[in-house]
Each structure stands twice: as C-alpha cells, then as structure tokens.
Amino acid sequence: MRNNKRKNLITNKNKHKIYPFRNNPFFNKLKLLADFLAPYAVPFAFTIIYLHLFFVVILPFFNYNSLFSVDMSGHYFSSWYIKEYLFPRASGWNPFFFFGFPQNQFYEPAFSYASALLSFVMPLEYAFKLFLSIVLVLTPLAGYYCARSFSFGSVASVGIMLGIYGVLLTPDWTMGGTIMSTISTGLVTHALGLMVFLFFLGVLNKAFFGNKHITKNKYRQIIENKHFTNKYVILSGLLLALLILSHLMSAIAGIIALLAFGAFYYKRNSFRPTFLIFLIGIVLSAFWLIPAILTTGFINSITVGNLNSVFYLFLLFLGFLAYRSISFRNADSEPIWWFLFALLIILFAGDSLFNATMHYYRFSIFIFILVPILIFSYTKKWQGAFFAGALIFCVFLMLSSPHILAEGALKKTIAPLSNGIDGRVLILSLPWQQTSEHELQQAIPMMNQTQGARGLYQESSHNAQLIYDMEYELAPYGTSGWYVDKTSPLSDNKDSRFKFISEQFKLLHITNVIATRQIDPSWILQSKVLNIFFLNVETNRIEKNTYSLYKAADSNLIDVLHYTPKKFSGANWADNAKIWFLFNANENNIFVDSDIPQYLGKGNETVSILEKTPTNEYIKFFVDSNIDVPIFIKISFFPNWHAYVNGKEIKIYQATPNFMLVNTHGIVELKFENTLAENLGYLVSLAGLIAIIGYVLITRRTKKSKSN
C-alpha cells in the first residue's frame, strides 16, 4: 500500500515536470485560442505577415525609396556598375572611388549581380527593389521550412515562423538581417544571407537526419540505421556556395552549422557528407573565393561595434532554455544547441581574445532567429499555446514597433556637372546636410558618370584611409570618423594648411570639390549642383544648403618624375605610407616598395593618353622621351595590373601612397588582367559544376533503368 502511494507520488511529480503548464490558467487560455485557430493556423499566420510586409514595408519602399539610403547606395551603385560596365563578369576594376579599387573582389557579389541580371528586363531601380522584395517575402517561408525540417508540425512551424518574423521586426538599424536594418540602413546583402541561411539549416538537417522524428532514448538505434540523403547533401552544398557569395557573416554561420551538425551525428560516420557539402560549397564559389583569399593583403578592414552587455545577459536566457530542453530529453533541437555553442565560442574568441577585424554584433541575428525553435522544442504538448503566444507577440510588434522608414532617402534633383571634368571629384558633406551618410558620394558620380573619391566599400582599398583623413583636414565634422587619424599634423596657419592640402589634391588627381561653402579661398566656383533641406537641431527650423562645384587643383593622371624615388626603409608599407601622407605628401618625394634603377626625367618629358576604357582597365599612353624615365600613375596598386611596352611586360612598382610606378618610355599599355587566382577559381568552379550535373544525370539514369 505504502509502495503504491509512493509510486503515484513519483508519477505525478514526473508528469508535472514534463508538462509544467498543465494547471496554468494563462496557458490554458492560449491553448483554447490555439485549438480554435489550429485548422487555419498556416494560412492565417502567413496572411497577417504578408499583409504587414506588403503595406508597411514593400509598398512604401517601391513608391518612395531612391535606393541611396546609407549602405544601400553602395549596393545600388554596385548593381549599376555591373550592368553598365562589368557584365557578364561579377567583379572588375572600378575607377569611381578610392582612386580605383577591385569591385566585388572582397565583397560578396550575389545580391548586386542578381539585381543587375534582372535589370536587363526592367529598369535597374525596379529590378533592385524587386529582388530585395523577393528576399523579404522568402524569409518567412525559409523560417517555416526550417522548422518543418526539425520535425515540428504545421502549427508549431508557423508559430516558429511568427517568432522569427517578430525578431526581424526588432527596431535595430545596424545589426543586419532585421527589416529596419535592411530597408532603412540598406544592409541588403545581410538580408539575403539570412534568408539563405534558414533554407540551408533546414536542408542541412534533412541531409543528416531526414524526416523521421527521434527522441533521446531512441537516438542511437535510429542514427545507426539511417542513410544520408544524397540529394539533400548536394542541395546543402549548393546553398552553402550561395551563402559564401551572399555575405561573410552568413557564410561563417553556415560553415559553423555544417561542422556542428557533423559533430552531432558523428556516430553515423558523418565525415563523408560533411566533407562533401563543404567541398561543393567551396568549389562552386571558388571563382570568387580563391581570388579574394589570395589577395587578402589588400583588404583594409576595421572593427565596427562590439558585443554589449545586453547580449551577455541574453546568454543567461539561452542557458536556461538549454537546461530545460535537455532535461525534457528532446533531441530535435540538440543540433541547434551545438551550432549556437560553437558560434558563441568563435564569437567570444574573436571579440575578446584575438580582436579580429569584424562586425561581431552582426552575428547576433543568427542566434536570435533560432530562439523560437528552442522555445517550441521546450515541450510538445503545449505547442498550440506557444503558437497563440507567438501570434500575439508578432501582432503586438507589428502595431507597436517604431516606423521602419521604408521610404528611405527621397529622390533629389542633381544638376549635371560641368562638361569636360578631367580628374576626380571630392564630395564634402556634413552628416546632417544629406539624408544619409553615403548618399551624395554615391549618387553624384553615378548620375554623372564622374570619378568620385569616397565610396562605400572602404575595406576594398588601402587608399580609403586617405579620403577620410583628407575630409577631416577640410571639415573635422564632415566625415564618419571610422578611418580618421585625428593626430593630423596640419598647421593652424590656414595658408600653409591649404597649400599642403593642395599638394595632396595634385598627388591624388583630385581636381574638383563639391561642398556647401568655399573652404579654400583658391577654389574657383563652377556651378550649383543641388539644394539640401535639413532640420537645424539648434534652431529646430528647416534650413537649406546649396552644394556647389569648385575647381580646386590642376593634376595629371600620369606624370613623369624628375628624380629617382627612394625605397621605404621600414618593413610595414601601410604604416609608412600613412605617415608619409599625413606629413610629407608630395609628388616630389615619392617612395617605392623596392630598389629601382637610377632613372630620372630631365624636365621636358610629356605624357599623353592615347586610349582609355570607361573602367580604366586598359590605358594606352605615350611617354615623349628618348630614355627610360620614372612614370607615376595615380591609380591604386593591385596584383592584376600589368604594364607592357612593345608587347613585353615591364615591372610595376608600388608607389606612395598606394599607387603605381613604371620605368620606361614610348608607348605603354596598362592592363587590368586576370591573374592565376582568377583563372584557377573559374576552372575549379566550372569543373565542380560539370561534376555535379554529371552525377545527377548518371544517378537519375541509373534509378530509371532499375525501375524499368
């Protein structure tokens, strides 16, 4: 009798442990609501999400956004440049910013290339907006598919999808992946990567596990008897390649997820599918990945933002969920935990120990979007109540979240610049005198097809540092400050300061400036460019500023030096070049990266450009001299550049700050050509694509013959 009573007490205790919300009135009401909505859960939830997405996000985005909002302006320019100059290539030389840089060499090209491809059947602006809208529409579907792959039912899966959409409504404009950061800030490539990551996670789970449901106590038996699904292995590899070509953060998250799943299923000999998925992803993206890796020495990356205390507090919540999920013996979510812990280890190691240059906080979204899956794996019995809670949570965020600012930067009337501008244009604008940080720097060169100075892809050129330093010299509050060296030694004497800046202009081939006022008295007013209306925070009144074009300096793209340049004595070229630019920038004291023959011009030599392509990837010029002389070329140094005289290649020296120098005379051809890295990348990707197609065709033929 006593033993039976004790047995009943233990049973009731275990039941309470497994179903902790059994007697909770709030969850009982949620469950009643869920039971009522269950037959219509999927169409009802998708209808709510897509109504919000269409009317609050996509419609105002299509109607009003000029695509020049913060970072979006650079991605829009990239799509335009691919269509107008590079297509069918995804990368190439771009002379519009940073004195020339390799467009899409270090920044993933998938988004800009896809929107450029669409622009051949519609105007580029609509193609860009349409592709971004497709990404936003597919993201909830990706979340739903991901949940279904982890053996959740339709009601639970749509609840998880509602939770993910609620996370994306977070009023954060810098994290990446959220709707506000996508539409308002323009982090469109991050949005693409996040959408592909959700699909990848779902397909990856099917590749390793399939569609069967497992529990902890049946775990060993099922995984030993289950074969890997080859079609999902191939599809996982394809999606991994797309992740790599979409965004760096999503690529790292995808690779970590792959390794985490492989480690979780290690008893099933998971090394082979893990290796195959990784190999397919790397091979298919090799045409971009190999050149990017082999030229990483030319990346100018910085750390922007670190993990804050709120994120560390969030880890306590994750730890609680981990304890509860494991205590309920739910194996569905265990691969997710392996992924999260692996990501957090790498995240904290990079942020706290190695201080690697990366936007660490942008990994946060990959953790946040998986929380709904973890919550729904908490218990199976009450998933209907969780669905109702997720629905209420999502609708509440739709109604209470701050405005998403889908309208972005409105279109502005920019007057055509003066005809015949020879040289580069530096555009100076205070942060509050334009709608967004990069707007005018991207819009004016794009609309006038004129070479500017500062652009979006600062990480793609060492010369990006120079632009920010120069902006700080001219207008200390007119630059973002990411790259600024505020120890610039310029004198307080305006005459000497402007004289030094004028020498920097000549060195960098900057001949014109667009600004709201004449900073240097020697600048000559050319024409009005546009009017900007802004709110003066001090007077709380709308004011107007007029941007004008000024002639600032005379400069040639290619010059003959009348002295022999010296070699830098220090080993670190970047540091030496930076100090040189801040203290001694002048065409009369150029330094080079290696010993150079003792050639020098006599003073009567001239250089004339005979032929030049719009991308500057081919320049043919004539040096009027009877002997070899040092020729200074004010275009950024990069390994793809080659110089030829009479068909014979000559050496290109790296010259300060990060330009090129050759020793020769006569007719010279300067070409931006594929290196071994590009050719190898294209060959590897092509071979991999042929191998995959051949494997699929052979497999289908074999199955068909067996069925017959």
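Keep in mind that this is a model prediction, so the values were computed, not measured.
Two residues are said to be in side-chain contact when any heavy atoms from C-beta on lie closer than 4.5 Å; Ile627 and Lys602 meet this criterion. Under the 4.5 Å side-chain criterion, counting only non-hydrogen atoms from C-beta, Tyr457 is in contact with Ser78. Side-chain contact between Phe637 and Ile652: present, with at least one pair of heavy atoms (C-beta onward) separated by less than 4.5 Å. Residues Leu670 and Met660 form a side-chain contact, since some pair of their non-hydrogen atoms from C-beta on lies under 4.5 Å apart. Residues Met470 and Phe581 meet the side-chain proximity criterion, which asks for heavy atoms closer than 4.5 Å. Proximity of Phe568 to Trp580: side-chain heavy atoms (C-beta onward) are separated by under 4.5 Å at one or more points. Residues Tyr644 and Lys671 are in side-chain contact: their nearest non-hydrogen atoms beyond the backbone lie under 4.5 Å apart. Side-chain contact check for Ile635 versus Ile558: every heavy-atom pair is 4.5 Å or farther apart.
Lys83 contributes a side-chain N or O that, together with a main-chain N or O of Ser119, makes up a donor-acceptor pair within less than 3.5 Å. Side-chain atoms of Asn104 come within 3.5 Å of backbone N or O of Ala90 as a donor-acceptor pair. No donor-acceptor pair closer than 3.5 Å links the side chain of Ser73 to the backbone N or O of Ser69. Formation of a donor-acceptor pair under 3.5 Å by the His462 side chain with backbone atoms of Pro657 is not found in this model. The closest donor-acceptor contact from the side chain of Glu605 to the backbone of Gly603 lies under 3.5 Å. Using a distance-only test at 3.5 Å, with no hydrogens or angles considered, a donor-acceptor pair links the side chain of Ser685 to the main chain of Phe287. Looking only at distances, a side-chain donor or acceptor of Ser636 sits under 3.5 Å from a matching main-chain atom of Phe98. With hydrogens and angles ignored, the 3.5 Å screen pairs a side-chain donor or acceptor of Thr450 with a backbone N or O of Asn448. In terms of modelled atom types and a separation under 3.5 Å, the side chain of Thr511 and the main chain of Ser555 share no donor-acceptor contact. Distance alone, capped at 3.5 Å, is enough to place a donor-acceptor pair between the Asp520 side chain and the Ser522 backbone.
With 3.5 Å as the limit, one finds a donor-acceptor pair spanning the side chains of Ser79 and Ser115. Side-chain contact of Asn640 with Glu678: a donor-acceptor pair under 3.5 Å is present, judged by distance alone. For the residue pair Tyr85 / Gln103, no side-chain donor-acceptor distance below 3.5 Å is found, with atom types taken as modelled. For the residue pair Glu669/Tyr618, the side-chain donor-acceptor check at 3.5 Å is satisfied. Between the side chains of Asp559 and Asn556, at least one donor N or O sits under 3.5 Å from an acceptor N or O. Side-chain atoms of Gln526 and Ser548 include no donor-acceptor pair closer than 3.5 Å. Side-chain atoms of Trp573 and Asn658 form a donor-acceptor pair, as typed in the model, at a separation below 3.5 Å.
With rounding to the nearest 0.5 Å, the separation of OG in Ser502 from CH2 in Trp523 is 10.5 Å. Atom CD1 in Ile590 sits 11.0 Å away from atom CG in Asn584 (nearest 0.5 Å). Rounding to the nearest 0.5 Å places OG1 of Thr613 at 13.0 Å from NZ of Lys620. Leu243 CG to Ile255 CD1: the interatomic distance, rounded to the nearest 0.5 Å, is 8.5 Å. To the nearest 0.5 angstrom, Ile299 atom CD1 is 9.5 Å from Ile293 atom CD1. Atom-to-atom distance recorded for Leu118:CG and Phe131:CZ is 7.5 Å, nearest 0.5 angstrom.
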Practice item. Would you please test His642 and Glu649 for side-chain hydrogen bond (donor to acceptor under 3.5 Å, both in side chains) and show each step? Key: CA-CA 7 Å; His642 297 269; Glu649 186 171 2; 2.5 Å; yes

*Is there a side-chain contact (heavy atoms from CB on, under 4.5 Å) between Leu683 and Asn679 once you walk through the steps?*
CA-CA 6 Å; Leu683 182 62; Asn679 294 331; over 6 Å; no

Query raised in the report: ring-ring contact (aromatic ring centres under 6.0 Å, His included) between His665 and Phe622: does it pass, once the steps are laid out?
Result: CA-CA 8 Å; His665 70 284; Phe622 174 67; 9.0 Å; no

Next item on the list: Take Phe87 and Phe120, measure what ring-ring contact (aromatic ring centres under 6.0 Å, His included) needs, and give me the verdict at the end.
Entry: CA-CA 11 Å; Phe87 192 84; Phe120 287 98; 4.8 Å; yes

- Pair Lys551-Asn512, side-chain contact (heavy atoms from CB on, under 4.5 Å): steps then yes or no: CA-CA 5 Å; Lys551 177 70 175 180; Asn512 294 270; 3.9 Å; yes

Check the pair Phe111, Ser246 against side-chain contact (heavy atoms from CB on, under 4.5 Å), reporting the backbone distance first and the verdict last.
CA-CA 7 Å; Phe111 190 99; Ser246 297; over 6 Å; no

Candidate pair Leu582 and Asp469, rule side-chain contact (heavy atoms from CB on, under 4.5 Å), full reasoning: CA-CA 8 Å; Leu582 290 174; Asp469 287 335; 4.0 Å; yes

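Results of the side chain to side chain contact (heavy atoms under 4.5 Å, CB included) test with Ile514 over Leu530, Leu417, Leu426 single out Leu417 as the only residue that passes.
Ring geometry for Phe96 versus Phe77: interplanar angle over 60°, hence perpendicular rather than tilted (30 to 60°). Between Phe99 and Phe659, the ring-plane angle classifies as perpendicular under the 30° and 60° cut-offs. The aromatic rings of Trp93 and Phe638 sit tilted relative to each other, their planes meeting at an angle between 30° and 60°.
Cation-pi geometry between Lys634 and Phe632 is not satisfied (NZ or CZ under 6.0 Å from the ring centre, within 45° of the ring normal).
Closest approach of Ala655 and Leu661 over heavy atoms only: CB-CB, 4.0 Å. Contact between Ile82 and Ser112 at its shortest, heavy atoms only, is CD1-OG, 3.5 Å. In terms of heavy-atom proximity, Phe505 sits nearest to Val513 at CE2-CG2, 3.7 Å. Leu258 and Thr274 make their closest contact through CD2-O, 3.8 Å (heavy atoms, listed as atom of the first residue, atom of the second, distance). When every heavy atom of Tyr81 is checked against every heavy atom of Pro95, the shortest pair comes out as OH-CD, 3.2 Å. When every heavy atom of Gly254 is checked against every heavy atom of Leu240, the shortest pair comes out as C-CD1, 4.3 Å.
The six-membered or imidazole ring of Phe106 lies away from that of Phe298, with a centre-to-centre distance of 6.0 Å or more.
Salt bridge status for Glu587 with Lys506: absent, with no side-chain N to carboxylate O gap under 4.0 Å.
Remark: Tyr563 OH is packed, more than 12 non-hydrogen atoms of other residues, nucleotides or ligands lying under 6.0 Å away. The environment of Tyr126 atom OH is sparse: at most 12 non-hydrogen atoms of other residues, nucleotides or ligands sit within 6.0 angstrom. Annotation for Asn604: atom CG counts as buried by contact number, over 12 foreign heavy atoms lying within 6.0 Å. Counting heavy-atom neighbours within 6.0 Å of Tyr599 OH, excluding the residue itself, gives a total of 12 or less.
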